[in-house]
Each structure stands twice: as structure tokens, then as C-alpha cells.
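Here is the structure we will look at, set down as C-alpha cells.
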Amino acid sequence: MTTTFITGANKSLGHETARRLVEAGHTVLLGARDRERGLAAAASLGARFVQIDVTDDASVRAAAADVAAHEGVVDVLVNNAGVLGRVGPVEEYTAADMSAVLDVNVVGIVRVTHAFLPLLRRSPHPVIVNVSSGMGSFGMTQDPARVESQYALPLYSASKAAVTMLTTQYARELKDVKVNAADPGQTATDFTGGLGHSVADGADPVVALATIGPDGPTGRFIGRSGTLPW
């Protein structure tokens, strides 16, 4: 049985990923900050709720300790929790705005990965999936043919560029773990105001990377159409 921990899984892409992986036979640990919403989501899917705030060291340590006590191992870690951050005129952005986005989208991945790595290393084939975005791709945001080039989201885009780079560097250092980044594409969520393809379609690359075998890729940035440009 594959044990999978997903952060930010009480709604949207995280919730759909959890649903699909439960359906695929995984034991899914649904991580969420809000206890009531997390419990309700887990109950609806047949998953187990684990409370976690990726911006809080103590919360992340407690979540890892909870999983260590109950399951004892994590085969797949999906770092899905993320925020859009402030949107508007760039001259209004402050350092505090940037710090808030980075704390969830980038530092949160480091916190969770650090805490869960001992549990991952108990798995014969550990996998980490970091949910990134084409909005963090230099190639895609500069390509007029891509929808990513039509938006200006400096804080979010910078954070997702960092997520993708973090992924490639972790993949290089963690020889015993498959570490990849997924791009859901423009997905109809709160982030996009309902624009884009379905959440089910957006979850496709996340689920694909969460179910790779021992010969699967590492250090890759993958979307629904395959490998994406940096």
C-alpha cells in the first residue's frame, strides 16, 4: 500500500489529487491548516486528516510526528499548499507581501520536506512532487503563444520559479528520492477566478508524478503535455 501525504488538500487541486490517489489505492493523508474543513474533506474521500500549517515549524513537526506514530512511513509527498499573494500595481508591492508568498510557496516546501524526509527514506521508492506553475517558467511567460505570457503576477511567478529550481536542486542532491515539479496549467480555481480547464485536468500531471515507478523521472518539470521549458 502506498502512503501519500498531500499539503493543502482540503480543496481544489489538492482535494482532486487526494480523490484520485484514494481511487488508485493509496492511503492518503490529507494535510490542511483548517481542522474542520480538513476533517470534512478527508471524511468525504476516505482519507485521514492531518493538521498542518506549512508556515509554522511546530505545526509541520507535529504533523510529521503524527504520521510517524500512525503510518510510520511516507512513500509520496505532494507539496501542494500555495497562495497567489497580492495582485495589482507592482509599485504597491512591499517586502512583506513577497515574504508572505515565499513563506508558503517556497519555504513551506523546505519545512515540510525537511520534516518528512526521514519518513520518506523508510520507503523503498520515495517520491516528492512539488506543485509549481508555468507562471514560474521563463520560457513560457516570454512566449506570446502561451497563456502564461498574458499575465503579470510578479510575486507568484517569482515564487514558482523558485519552486522549480528548488526541485531540480533537491533532485540532484537527494539521490535516493524522485523529486519532480508539476504544472497544473491554467486551472479553474480561486486563483484564476474560475478561468481555465477543469480541476480534474489540472490534477493530471500531479497524479502522474505521484504514481511514477522506481524507474520514473527525477528533476523534471512536467505538465499535461509533457516536459515543459524552464
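When reading the values below, keep in mind they use all heavy atoms of this one structure, side chains included, and skip hydrogens, waters and symmetry mates. All residue numbers refer to positions in the sequence shown, counting from 1. Fair warning: this is a prediction, and the values are worked out from it, not measured in the lab.
A donor-acceptor distance shorter than 3.5 angstrom exists from the side chain of Gln51 to the backbone of Arg33, with no hydrogens or angles considered. Panel note: side chain Ser157, backbone Met135; a donor-acceptor pair is recorded below 3.5 Å. Checked by atom type and distance alone, the side chain of Thr55 never pairs as donor or acceptor with a backbone atom of Val104 at under 3.5 Å. Side-chain atoms of Ser44 come within 3.5 Å of backbone atoms of Ala41 as a donor-acceptor pair (strictly under, hydrogens ignored). Remark: side-chain polar atoms of Thr7 are paired, donor with acceptor, to backbone N or O of Asn80 under 3.5 angstrom. His70 places a side-chain N or O within 3.5 Å of a backbone atom of Asp66 that can act as its donor or acceptor partner. No side-chain donor-acceptor contact under 3.5 Å links Arg224 to the backbone of Pro205.
With rounding to the nearest 0.5 angstrom, the CD1 atom of Ile212 is 7.0 Å from the OG1 atom of Thr218. For the atom pair CG of Asn105 and CG of Leu155, the computed distance is 10.0 Å after rounding to the nearest 0.5 Å. The line from CD1 of Ile6 to CD1 of Ile52 is 12.0 Å long, rounded to the nearest 0.5 Å. Note: Asp204 CG to Glu16 CD = 8.5 Å, rounded to the nearest 0.5 Å. Separation of atoms CZ (Phe221) and OG (Ser137) is listed at 5.5 Å; rounding is to 0.5 Å. Going from atom CG of Leu228 over to atom CZ of Arg220 covers 10.0 Å, rounded to the nearest 0.5 Å.
Put simply, the side chain of Leu174 reaches to within 4.5 Å of the side chain of Leu117, judged on heavy atoms. For the pair Val22/Thr27, no side-chain contact is recorded, criterion being any heavy-atom separation below 4.5 Å from C-beta on. With a 4.5 Å cut-off on side-chain heavy atoms, Leu77 and Val112 count as touching. Using a 4.5 Å heavy-atom cutoff, the side chains of Leu21 and Thr211 are in contact. Using a 4.5 Å cut-off on side-chain heavy atoms (C-beta onward), Val163 and Leu166 make no contact. Residues Val90 and Glu92 form no side-chain contact, since every pair of their non-hydrogen atoms from C-beta on lies 4.5 Å or further apart. Using a 4.5 Å heavy-atom cutoff, the side chains of Leu45 and His15 are in contact. Contact of the His26 side chain with the Arg20 side chain is not registered, since no non-hydrogen atoms from C-beta on lie closer than 4.5 Å.
Residues Ile109 and Leu102 share a hydrophobic cluster, clusters being chains of Ile/Leu/Val/Met/Phe/Trp/Tyr side chains in contact below 4.5 Å. Val177 and Val129 are assigned to two separate hydrophobic clusters, defined by single-linkage of ILVMFWY side chains at heavy-atom distances under 4.5 Å. Using a 4.5 Å cut-off between side-chain heavy atoms of Ile, Leu, Val, Met, Phe, Trp and Tyr, with links allowed through other members, Val207 and Leu30 fall into different hydrophobic clusters. Both Ile222 and Val206 are assigned to one and the same hydrophobic cluster, defined by single-linkage of ILVMFWY side chains at heavy-atom distances under 4.5 Å. Neither Val179 nor Met165 shares a network with the other; the hydrophobic side chains, linked directly or stepwise wherever heavy atoms of I, L, V, M, F, W or Y lie under 4.5 Å apart, form separate groups for each.
Aromatic ring orientation, Phe116 versus Phe5: tilted (interplanar angle from 30° to 60°).
Considering all non-hydrogen atoms of both residues, Gly219 and Thr168 come closest at O-CG2, 4.1 Å. Residue Ala115 comes nearest to Ala64 through the heavy atom pair O-CB, 3.7 Å, listed as atom of the first residue, atom of the second, then distance. Considering every non-hydrogen atom in both Val87 and Leu84, the closest pair reads CG2-CD2, 3.8 Å. Between Val83 and Tyr156, the closest heavy-atom pair is O-CD1, 3.4 Å. Annotation for Gly25 and Met1: closest pair O-SD, 2.6 Å, computed over non-hydrogen atoms. Residues Tyr93 and Asp97 share a closest heavy-atom pair of CA-OD2, 3.6 Å.
Taking a cutoff of 4.0 Å between a charged side-chain nitrogen and a carboxylate oxygen, Lys11 and Asp34 do not qualify as a salt bridge. Salt bridge status for Asp53 with Arg111: absent, with no side-chain N to carboxylate O gap under 4.0 Å.
In the model, Thr141 has no side-chain atom that pairs as donor or acceptor with a side-chain atom of Ser149 under 3.5 Å.
Applying the side chain to side chain donor-acceptor pair (under 3.5 Å) test to every pair with at least one member in residues 174-184, sequence neighbours left out, gives these pairs: Arg121-Asp176.
In this structure Asp143 satisfies the side chain to side chain donor-acceptor pair (under 3.5 Å) test with no other residue, sequence neighbours excluded. The side chain to side chain donor-acceptor pair (under 3.5 Å) test applied to Ser123 returns Asp75, not counting sequence neighbours.
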Start with the C-alpha gap between Thr2 and Thr4, add the side-chain angles, then the distance that decides, and say whether side-chain contact (heavy atoms from CB on, under 4.5 Å) holds. CA-CA 6 Å; Thr2 301; Thr4 300; 3.9 Å; yes
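Within a 6.0 Å sphere centred on CE of Met98, heavy atoms belonging to other residues, nucleotides or ligands number more than 12.
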